[in-house]
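The first residue of the sequence shown is numbered 1, and numbering continues consecutively from there. Here the structure is a predicted model, which is why all the values come from computation and not from measurement.
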Amino acid sequence: AVTSAGRVLFSPDNGGTWTVHTDFGGAFPLRRVRSLAGWGIMVCGGRGDDTTSLLKYNRLSGAGAWVNVNIGGHLAADLVGAASAVTIADMARRDDNEMAIIFQGAALPGGVSVFYTANVFGDGSGWTRATGLTAGLTTGRFIVPDEIAGTFHCAFGDRNMWHATNGVA
């Protein structure tokens, strides 16, 4: 579990008790935690004005250090001038490397709130904007993968739904 105060919680007994696994010091909210195919976890949330806070993963082996996901491509360009209220609402993965994210909180300067990369563990240059979205959507709620690679479904708080039929971008 994660908290809006930037903590990652762990329960060894299916929710009976909880301990703090990691405390990022309240500098940014966390919104979701996802398993990485048994070898680690990834968290998302963060603040739009601090790209190092948006996506992080931990291999849960060895020293267990948190690693920032590289932000580049369209995503980096669209986060220039983003408000601190911008945060990742959800993330979705279809396979080990592919990922899509949806933002909430405030409009991104580029006007698009869904992004995709075929290699989330790469150099960041592959982040691309979703196409076909209504500009200025700020109430991202969830994003889920389809069975077809590069295809995702997402929803916004204003009931606007979006479906990619030929990849996100």
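With Asn70 contributing its side chain and Gly122 its backbone, the two residues share a donor-acceptor pair below 3.5 Å. A donor-acceptor pair under 3.5 Å is absent between the side-chain atoms of His153 and the main chain of Val144, judged by distance alone. Remark: the backbone N or O of Pro29 is not paired with any side-chain donor or acceptor of Ser4 at under 3.5 angstrom. Checking side-chain atoms of Thr139 against main-chain N and O of Gly157 turns up a donor-acceptor pair under 3.5 Å.
Taking all atoms of both residues into account, the shortest heavy-atom contact from Ser53 to Asp50 is OG-O, 2.7 Å. Considering all non-hydrogen atoms of both residues, Ser113 and Phe156 come closest at OG-CE2, 3.2 Å. Taking all atoms of both residues into account, the shortest heavy-atom contact from Ile102 to Cys154 is CD1-CB, 3.8 Å. Ala82 and Asp49 make their closest contact through O-CB, 3.6 Å (heavy atoms, listed as atom of the first residue, atom of the second, distance). The minimum heavy-atom distance linking Ser11 with Gly16 is given by the pair OG-N, 3.8 Å. In terms of heavy atoms, Ile143 sits closest to Ala100 at CD1-CB, 3.6 Å.
Contact annotation: the side chain of Val86 approaches that of Leu108 to within less than 4.5 Å [non-hydrogen atoms, C-beta and beyond]. Taking 4.5 Å as the limit, some side-chain heavy atom of Phe121 sits within range of a side-chain heavy atom of Asn97. You'll find the side chain of Trp18 stays beyond 4.5 Å of the side chain of Asp13, heavy atoms only. Between Phe24 and Val8 the shortest side-chain heavy-atom distance falls below 4.5 Å. A heavy-atom distance below 4.5 Å is found between the side chains of Arg59 and Trp39. Leu55 has its side chain out of reach of Asn68: every pair of non-hydrogen atoms, C-beta onward, lies at least 4.5 Å apart. Side-chain contact between Phe28 and Leu54: absent, with no pair of heavy atoms (C-beta onward) separated by less than 4.5 Å. In this structure the side chain of Lys56 never reaches within 4.5 angstrom of the side chain of Met42, judged on heavy atoms.
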CA sep, side-chain torsions, deciding dist, call: Arg93, Arg34, side-chain contact (heavy atoms from CB on, under 4.5 Å)
CA-CA 9 Å; Arg93 297 177 62 234; Arg34 297 281 190 257; 5.6 Å; no

Criterion side-chain contact (heavy atoms from CB on, under 4.5 Å) on Leu9 and Val20, from CA distance to verdict:
CA-CA 5 Å; Leu9 306 177; Val20 176; 3.8 Å; yes

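No option in Leu79, Val69, Val80 other than Leu79 meets the side-chain contact (heavy atoms from CB on, under 4.5 Å) test with Thr51.
One finds the CZ atom of Arg47 at 14.0 Å from the CD1 atom of Ile88 (value rounded to the nearest 0.5 Å). Interatomic distance, Asp90 CG to Phe152 CZ, rounded to the nearest 0.5 Å: 11.0 Å.
Side-chain polar atoms of Thr117 and Asn119 form no donor-acceptor pair below 3.5 angstrom.
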